[in-house]
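First up is the structure itself, then whatever we jot down about it.
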Protein chains: 2
Amino acid sequence: MGRPLRPRGKLLQEDTRRHHRSLLLQQLFREGPASRADLARTTGLTRVTVSDLMAELVADGLVEELGAPAESRVGKPPTLVGLAADATHIIGIDLSATDRMTGAVINLAGEVQARHEVEIAGARGAAAVALVHRLATELIAMTDRPVLGVGVGSPGVVDAAGTVIDAPNLEWSETPLATSLADDLGLPVFVANDANTAVLGEHTFGESGDGGLMLLRVGTGVGAGLVLEGALLHGHLGAAGEIGHVVVDPDGERCACSRTGCLETILAVPHLRRRLEQHDSAGVLTSTGELLGAALAPVVGTLNLHELVLSGPAELLDGPLREAAERTIRERTMPVSSDGLVVRTSKLGEDVVLVGAAVLVLAGQLGVS
Amino acid sequence: MGRPLRPRGKLLQEDTRRHHRSLLLQQLFREGPASRADLARTTGLTRVTVSDLMAELVADGLVEELGAPAESRVGKPPTLVGLAADATHIIGIDLSATDRMTGAVINLAGEVQARHEVEIAGARGAAAVALVHRLATELIAMTDRPVLGVGVGSPGVVDAAGTVIDAPNLEWSETPLATSLADDLGLPVFVANDANTAVLGEHTFGESGDGGLMLLRVGTGVGAGLVLEGALLHGHLGAAGEIGHVVVDPDGERCACSRTGCLETILAVPHLRRRLEQHDSAGVLTSTGELLGAALAPVVGTLNLHELVLSGPAELLDGPLREAAERTIRERTMPVSSDGLVVRTSKLGEDVVLVGAAVLVLAGQLGVS
DNA sequence: GTTTGTTAGTTCAGCGCACTTACATATTCC
DNA sequence: GGAATATGTAAGTGCGCTGAACTAACAAAC
């Protein structure tokens, strides 16, 4: 039965070729170097087609020949081909911090090659956009390789075209960041919400499995991103993962959003740090984890999630809090939901958003992720 | 940016043709009859290609010429073509009731043409499978049209191949219902969980929008199905929507599953009816709705759902309970999540699963949904 | 009543893409 | 050294779409 997807539009022969190109890149990306004959076997394409596409990919500088493998068997020894991870670079930008914009030059393997950042220093609106332009330009100047594209993880709700619908901190509203950057830089630009960007990073480079993945980003605010059935979830109005102001404790603290007991009031780093100073540390972390677990149990059950990843200050998240959340979720969901569940912290640490921004570009430009 | 889907496999020219075939069927299915030239315009295909595909579809009996439209404008009047909704029939089967198996002959427009049912009368395991075979055979005999396929909504967890992993009531475990039926009947057979089936029915024939849709089925048990980004959510182990034994009230009633305060203990019809007899009716419905809303608020916020549909006895669901649930969800989520949300009862009533089973076939065989 | 303009649908040659078949090449096994 | 095995390339085939040109059928203008 698979996943019957509704046909989305006209399909050209050109699309077929791009699809197969991505198929091969994807294979090299996930499984590493292989011979053309191996690729033909795993993808189902013929050796002829694989050779043809490979010639194109080599010409584009995305793939390189690596010679014969060490060990040898009967028959003509194969020529390995592999992704030329460092022949092309990607610019990743993380706008989720409140005081600075960080960026990086990243290779096709998701490895950070260089970093750079600019202070926000109160820049808002158009000035903040100009700052992103500056950061991007400076990052592009830091690599001598062709740049595949620019990925940006921005706070706030971002639509599919890369327009920031609403980001209060930067005073952005209906700001067409992607098109503005693309016009300025002459490069493909992809913009998405920071939590969505982060979950893509974790999904692709965080050794995560193939099941549903939810990443909860805990910082000044709280937000989530989800990858379900292999694809990023956008939601009805592009606001999937906006979980920070879901009420988890009706008897809790008053929130700035006018509700009471929002998830942010117990979990956002400033609030959590403050409560840790005032009360018994282990108790606060445990009770916070329990409230989080209670809120997430219905989500885990409904989605039959495979992995729940916490991203944020490890000293806060990776201990009693995570354990209490995991325990609560298991207590509150049935075995068929919780048996397959993994609750862990991010393997990419502070770089999730940067690396995720690179994944935006990889997926958009190469069909790889 | 769209939705960068990872390439799933080799693409043949044949697939292109099938894709375009589905594209045209989809257009006729959703927008009704149109001229070939109109179809060419809306799909982006050329008139030549549309004509060619149409000839094929007419030959297959799926589409019929309807002559010229009444009103006329400049130029040669078009020939309308439309889906031949009654030239082919679909068999839909609903196994979610405890005492009987119901089935129907359904046309391509999702309209029930004939009904039939068999008593389960305690049949379990292989005997229950045989009963499904009998029901299917008898239904096929009730129509003189070619049968496009058989769709089955079964209780329990069902994998992508249509094998029922676990359905306690029927004592099925790893039961390959789809292949067994397909071999027996010589027809394509699609099996899915009843709640998943129902949500497909609602999505396709329930006048629902394009955003995320969650259908909560309230009966002897409680389960849900979700359509996100236009496609059915399966979940990591095929157990998406298994929400009946998520704990919503830790101080609640003991559940048969050994947990306390599962959603089923407050919402399943038998439990709810019992509580309604013992206490004030409005109060019970309202408090039940509030607990339901509290459990669903994190789900609604996380997924940025567009529609939440309750399916089950209308006299229980469509009143204070629905209102309390909706109010609670709105109180507990932020405007960006709740503004776009619609909470309603199913427009298909008792037939959701039957009609959804037909959608399984429509989607699987024609790529339409 | 004829001409003009517009739209619908078909015919035909051509092109892109992947496939099949066939072959050159390079190595191991006997 | 020859048979067997495997890789990668070359040539030709088939399928599906496209653009351009053509026929058909009508309304509006004169």
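Each chain gets a letter, A, B and so on, in the order its sequence line appears, and its residues count up from 1.
- Remark: B/Arg21 engages B/Asp60 in a salt bridge, criterion side-chain N to carboxylate O under 4.0 Å.
- Judged purely by atom type and a 3.5 angstrom limit, A/Thr42 uses its side chain to pair as donor or acceptor with the backbone of A/Leu39.
- Proximity of a side-chain donor or acceptor of B/Glu229 to a complementary backbone N or O of A/His234 within less than 3.5 Å is detected.
- The shortest distance between the side-chain N/O atoms of A/His20 and the OP1/OP2 oxygens of C/dA18 is below 4.0 Å.
- Evaluation of the side-chain hydrogen bond (donor to acceptor under 3.5 Å, both in side chains) rule for A/Thr88 yields no partner, not counting sequence neighbours.
- At least one donor-acceptor pair closer than 3.5 Å links the side chain of A/Gln113 to the backbone N or O of A/Glu111.
- Within residues 31-42 of chain B, the residues having any heavy atom closer than 4.0 Å to DNA chain C are, in order of number, B/Ser35, B/Arg36, B/Ala37, B/Arg41.
- Aromatic ring orientation, A/His306 versus B/His236: parallel (interplanar angle below 30°, classes split at 30° and 60°).
- In this structure, CZ of B/Arg17 is placed 7 Å from C1' of D/dG16, rounded to the nearest angstrom.
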Protein N or O to nucleotides 23-30 of chain C N or O, pairs below 3.5 Å:
from: C/dA26; atom 1: N3; to: A/Lys76; atom 2: N; distance (Å): 3.2
from: C/dT27; atom 1: O2; to: A/Gly75; atom 2: N; distance (Å): 3.3
from: C/dT28; atom 1: OP1; to: A/Ser72; atom 2: OG; distance (Å): 3.2

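- Residues from residues 48-58 of chain B placing a heavy atom under 4.0 Å of any atom in DNA chain D, listed by number, are B/Val48, B/Thr49.
- With hydrogens and angles disregarded, a donor-acceptor distance shorter than 3.5 Å links the side chain of A/Arg30 to the backbone of A/Ser369.
- Rounded to an integer number of Å, the gap from CG of A/Leu24 to C1' of C/dA18 is 13 Å.
- As a whole-Å value, the separation of A/Leu45 CG from D/dG8 P is 15 Å.
- Remark: side-chain polar atoms of A/Ser208 are paired, donor with acceptor, to backbone N or O of A/His203 under 3.5 angstrom.
- Shown here are the salt bridge (Lys or Arg N to Asp or Glu O under 4.0 Å) partners of A/Arg47, two or more places apart in sequence or in another chain: there are none.
- Here the P atom of nucleotide C/dC19 and the CG atom of B/Asp15 are 11 Å apart, to the nearest Å.
- Atom CZ of A/Arg21 is separated from atom C1' of C/dG16 by 16 Å (rounded to the nearest Å).
- Classification of A/Glu202 and A/Lys347 as a salt-bridged pair fails, no side-chain N sitting under 4.0 Å from a carboxylate O.
- Phosphate proximity of C/dG9 to B/Thr79: present, with a side-chain N or O under 4.0 Å from OP1 or OP2.
- Using a 4.0 Å cut-off, no side-chain N or O of A/Thr46 falls inside it from OP1 or OP2 of C/dA18.
- Take A/Glu65 and apply the salt bridge (Lys or Arg N to Asp or Glu O under 4.0 Å) test, not counting sequence neighbours, and it matches A/Arg36.
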